[in-house]
Amino acid sequence: GLKKREASVLVIGLDNSGKSTMLNHFKSEDQKSTEIVPTVGFNVEKFKARNVGFTAFDMSGQGRYRSLWEHYYHDCQGVIFVVDSSDKLRLVVAKDELDMFLQHPEIRTRRLPILFFANKMDVREAVSSVKVSAALGLERITNKPWHITASNAITGDGLHEGVEWLTNQIK
Ligand code: GDP
């Protein structure tokens with residue numbers, strides 16, 4: 001379950017990986033109806049569910065806004081990294097973004113738990129979470145607790161298991 005103390009979770013991944021669809025499961029009914037107004041080229045979605053604050057944004061296609069989103073790195077206690085398991089071509093791009101994230105000065109030395117969702121597991125072309133893990137080179141992450149689980153953001157399958165792991169890591 002969610003802990004009493006407030007936590008801030010960063011939800012990242014490439015565009016189209018399923019972040020917004022996933023976040024809808026964590027929102028209350030009135031939060032769902034609020035529209036996300038895009039700021040100049042850079043979309044940040046922020047909301048609170050119980051004691052967890054979520055901040056989400058796309059990591060790709062807006063390289064010049066990188067310094068804006070890196071702004072959110074400092075305050076987070078946990079990370080959700082969403083991957084489209086059916087987009088084999090862009091698994092390489094996702095890996096590049098992950099590497100850059102892991103090398104960032106605000107992230108590199110912290111024991112920050114990272115939850116990976118191998119999302120879109122229902123799509124026929126989707127690769128297994130084991131293959132996503134290999135493609136991203138997750139075994140190299142030795143100074144942070146991490147976990148990968150397959151998910152379907154439309155039905156919500158896998159979300160609970162993943163978030164349960166993450167909230168248990170955030171003390
Ligand atoms: P975002 O750009 O990361 O926020 O991605 P979205 O949440 O907007 O999702 C991108 C597209 O993928 C939308 O058409 C979603 O309906 C679809 N989608 C998201 N998650 C899944 C999933 O688990 N399975 C399938 N089949 N489609 C998904």
Side-chain angles (χ1 to χ4, degrees), residues 8-49 52-73 76 78-102 104 107 112-136 138 146-167:
S8 176
V9 170
L10 207 59
V11 182
I12 54 183
L14 302 184
D15 58 286
N16 201 51
S17 54
K19 298 181 295 302
S20 306
T21 310
M22 203 169 271
L23 290 174
N24 258 318
H25 289 274
F26 307 143
K27 286 180 180 171
S28 63
E29 280 310 313
D30 37 311
Q31 281 172 324
K32 274 178 199 168
S33 60
T34 56
E35 257 181 89
I36 313 142
V37 184
T39 354
V40 254
F42 176 55
N43 267 317
V44 183
E45 193 172 351
K46 261 175 168 291
F47 69 94
K48 233 178 190 183
V52 183
F54 291 91
T55 304
F57 50 83
D58 295 329
M59 292 181 109
S60 63
Q62 38 191 3
R64 64 198 170 113
Y65 298 106
R66 189 173 292 278
S67 57
L68 285 183
W69 83 59
E70 284 176 347
H71 217 71
Y72 296 98
Y73 288 180
C76 67
V79 177
I80 296 178
F81 194 101
V82 187
V83 181
D84 179 348
S85 323
S86 70
D87 191 350
K88 284 174 204 140
L89 286 176
R90 288 214 305 167
L91 274 176
V92 184
V93 184
K95 180 184 185 294
D96 285 347
E97 287 297 342
L98 173 65
D99 288 347
M100 252 186 278
F101 175 74
L102 293 172
H104 192 274
I107 302 297
L112 190 66
I114 311 181
L115 167 66
F116 293 90
F117 277 121
N119 194 40
K120 305 199 187 181
M121 65 179 192
D122 57 298
V123 177
R124 204 185 338 161
E125 298 78 37
V127 298
S128 69
S129 58
V130 173
K131 283 197 171 145
V132 171
S133 173
L136 297 180
L138 299 189
W146 60 267
H147 179 76
I148 185 165
T149 190
S151 65
N152 177 342
I154 292 176
T155 59
D157 280 353
L159 299 190
H160 182 78
E161 183 215 317
V163 172
E164 186 79 7
W165 176 85
L166 187 64
T167 50

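Ligands are counted one by one from 1 in listed order, and the atoms in each one are counted from 1 as well.
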Let me confirm one number: the [atom1]-[atom2] distance from [X] to [Y], rounded to the nearest 0.5 Å.
| X | Y | atom1 | atom2 | answer |
| --- | --- | --- | --- | --- |
| Lys46 | Thr55 | NZ | OG1 | 3.5 Å |
| Asp84 | Glu125 | CG | CD | 10.0 Å |
| Leu91 | Asp96 | CG | CG | 11.0 Å |
| Met22 | Ile154 | CE | CD1 | 10.5 Å |
| Thr21 | Asn119 | OG1 | CG | 7.5 Å |

Quick one, [X] and [Y] - any side-chain contact, counting heavy atoms below 4.5 Å?
| X | Y | value |
| --- | --- | --- |
| Leu136 | Val83 | yes |
| Asp15 | Arg90 | yes |
| Leu23 | Phe54 | yes |

Just which atoms of ligand 1 are under 4.0 Å from any heavy atom in [X]?
| X | result |
| --- | --- |
| Val123 | 26 (N) |
| Asn152 | 22 (C), 23 (O), 24 (N) |
| Asp15 | 2 (O) |

Worksheet item: When the ring planes of Trp165 and His147 are compared, do they come out parallel, tilted or perpendicular, using 30° and 60° as the limits?
Response: parallel
So which heavy atom in the protein is nearest [atom], and how far is it from that ligand atom?
| atom | answer |
| --- | --- |
| atom 4 (O) of ligand 1 | Ser20 OG, 2.7 Å |
| atom 6 (P) of ligand 1 | Thr21 OG1, 3.5 Å |
| atom 20 (N) of ligand 1 | Asn119 ND2, 3.2 Å |
| atom 18 (N) of ligand 1 | Lys120 CE, 3.7 Å |
| atom 26 (N) of ligand 1 | Asp122 OD2, 2.8 Å |
| atom 11 (C) of ligand 1 | Asn16 OD1, 3.3 Å |
| atom 23 (O) of ligand 1 | Ala153 N, 2.9 Å |
| atom 28 (C) of ligand 1 | Ile154 CD1, 3.5 Å |

Worksheet entry | The single option from Leu166, Ile107, Leu102 passing side-chain contact (heavy atoms from CB on, under 4.5 Å) against Ile114 | Leu102
Practice prompt. Please confirm whether Gly18 comes within less than 3.5 Å of ligand 1 when only nitrogen or oxygen atoms on both sides are compared.
Written response: yes
Worksheet item: Does Gly13 come within less than 4.0 angstrom of ligand 1, counting non-hydrogen atoms of the residue?
Response: no
Discussion item. Any heavy atom of Leu14 closer to ligand 1 than 4.0 angstrom?
Written reply: yes
Practice prompt. Please check atom 13 (C) of ligand 1 for a protein heavy-atom neighbour under 4.0 Å.
Written response: no
